[in-house]
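In this chain, numbering begins with 1 at the start of the sequence shown.
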Amino acid sequence: MNVIDPSSSQPKWTRKPEARPDEVLEAALDVFALNGFAATRMDDIAKAAGLSKAAIYLYFPSKDDVFKALVEQRIGVLQAHFDTAAKDQRRDPIAGLRLVARMWATSFHDLRVAALPRIILAEALRFPDLAEFYHRTVIERTQGALVELIQAGIDAGLFRQVEPLLAARALVSPLVFEILRRQAFPAHNAGQPMEVLVEAIFDLFLNGIAAVPSQHVAGVKP
């Protein structure tokens, strides 16, 4: 595992006190993305941010708090958009599901942000409290938005009587795999752009739960 050499980092931030927490998180994102969680030290984050370790502790009591703040800043905020999209699209569950799937997948274009779920999956057993936080903050809210739309589709007769939570996981799982695959094998990402893959995954998913043939469902090509 690569570990950042603190001596090679140079101060790169301004010294506006009100901006420092965000600057710390920006630096921490770089460090976590490269080193993972366990191998990252507060010294590494401080060096990358161009601050002393004591200054980092003024804003974040621990490395766990830094990581949690990053999740809330970079991913947790997206959940509010998913929730809003789900509520706005209940009259058109198919369009809503497609929109949430697109939003969720394309939000990880920044590979540093995509490193956050990778870190959780890789280190969940060693850091169960952190994993539980991520599950509560990100996974449960994303699933909730999808479950709401799937249930609306069932109620409208658009979808078969499936278990909404399992259906939501069936939609998200291949998206997560694709995000992780792109992280692990960056040299093999010259194929279809993520947006095209999202559409293909969504089409395959929808054909699995549609109550009628896909050509009869608005917005889905046969």
Side-chain angles (χ1 to χ4, degrees), residues 1-4 24-42 44-45 48 60 62-83 86 97 100-147 150 163-189 191-198 200-202 204-205:
M1 178 179 291
N2 294 322
V3 178
I4 283 180
V24 170
L25 292 180
E26 186 69 20
L29 184 59
D30 289 332
V31 180
F32 282 131
L34 181 61
N35 296 349
F37 183 79
T40 293
R41 302 174 303 159
M42 290 291 270
D44 301 327
I45 296 172
F60 303 101
S62 69
K63 184 173 69 171
D64 285 35
D65 291 303
V66 175
F67 191 86
K68 289 177 180 179
L70 263 178
V71 170
E72 290 177 336
Q73 181 198 63
R74 293 304 183 102
I75 302 179
V77 171
L78 295 171
Q79 309 309 308
H81 296 301
F82 302 155
D83 295 343
L97 284 172
V100 172
R102 285 175 177 171
M103 291 171 61
W104 195 88
T106 56
S107 66
F108 291 99
H109 272 310
D110 185 341
L111 292 182
R112 299 178 309 153
V113 176
L116 297 177
R118 169 175 58 80
I119 290 168
I120 289 295
L121 288 174
E123 306 191 45
L125 293 179
R126 297 179 64 187
F127 303 98
D129 291 343
L130 209 62
E132 180 58 31
F133 167 82
Y134 188 90
H135 193 279
R136 182 176 64 255
T137 304
V138 177
I139 296 175
E140 288 182 5
R141 291 189 64 183
T142 302
Q143 287 182 161
L146 294 172
V147 164
I150 291 168
E163 169 53 50
L165 179 58
L166 295 180
R169 290 176 179 172
L171 175 57
V172 169
S173 294
L175 297 174
V176 172
F177 174 81
E178 181 58 27
I179 289 167
L180 296 178
R181 188 199 66 77
R182 288 173 175 245
Q183 281 263 309
F185 308 107
H188 299 278
N189 290 338
Q192 297 285 3
M194 191 65 181
E195 293 81 358
V196 174
L197 289 169
V198 169
I201 290 169
F202 183 77
L204 291 169
F205 166 80

Report, one line per pair, each donor and acceptor closer than 3.5 Å where one atom sits in a side chain of residues 167-175; sequence neighbours left out.
unit_1: Arg169; atom_1: NE; unit_2: Gln143; atom_2: OE1; d: 3.1
unit_1: Ser173; atom_1: OG; unit_2: Arg169; atom_2: O; d: 2.7

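- Remark: Phe67 engages Phe32, Phe37 in a ring-ring contact (aromatic ring centres under 6.0 Å, His included) (not counting sequence neighbours).
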### Task
Carefully, step by step, assess Leu116 and Leu29 under the rule side-chain contact (heavy atoms from CB on, under 4.5 Å).
CA-CA 8 Å; Leu116 297 177; Leu29 184 59; 4.1 Å; yes

### Message
Applying side-chain contact (heavy atoms from CB on, under 4.5 Å) to Phe133 and Glu72, what does each step give before you reach the verdict?
### Response
CA-CA 10 Å; Phe133 167 82; Glu72 290 177 336; 3.7 Å; yes

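- Here the closest heavy-atom approach between residue Ile120 and residue Leu130 is recorded as CD1-O, 4.0 Å.
- Between Ile150 and Pro164 the shortest heavy-atom distance is CD1-O, 3.7 Å.
- Note that CD1 of Ile119 is 7.0 Å distant from OG1 of Thr40, once rounded to the nearest 0.5 Å.
- The number of heavy atoms from other shown groups lying within 6.0 Å of CG (Leu125) does not exceed 12.
- The shortest distance between side-chain heavy atoms of Tyr134 and Glu140 does not fall below 4.5 Å.
- Rounded to the nearest 0.5 Å, atoms CE (Met103) and OG1 (Thr142) are 10.0 Å apart.
- With sequence neighbours excluded, no residue satisfies side chain to side chain donor-acceptor pair (under 3.5 Å) with Asp64.
- Using a 4.0 Å cut-off between charged side-chain N and carboxylate O, Arg118 and Glu123 make no salt bridge.
- Closest non-hydrogen pair, Glu178 versus Met194, comes out as CG-SD, 3.6 Å.
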### Query
For Leu25 and Phe60, what are the C-alpha separation, side-chain angles and deciding distance, and is it a side-chain contact (heavy atoms from CB on, under 4.5 Å)?
CA-CA 10 Å; Leu25 292 180; Phe60 303 101; 3.7 Å; yes

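- Nearest approach of Ile75 to Pro117, heavy atoms of both residues: CD1-CD, 4.2 Å.
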### Query
Under the side-chain contact (heavy atoms from CB on, under 4.5 Å) criterion, do Arg136 and Arg141 qualify, and how do the steps go?
CA-CA 7 Å; Arg136 182 176 64 255; Arg141 291 189 64 183; over 6 Å; no

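- Minimum heavy-atom separation, Ile45 to Ala27: O-CB, 4.2 Å.
- In this structure, CZ on Phe177 lies 11.0 Å from CG on Leu197, to the nearest 0.5 angstrom.
- Lys68 places none of its side-chain heavy atoms less than 4.5 Å from the side chain of Gln73.
- Two residues are said to be in side-chain contact when any heavy atoms from C-beta on lie closer than 4.5 Å; Leu34 and Arg112 fail this criterion.
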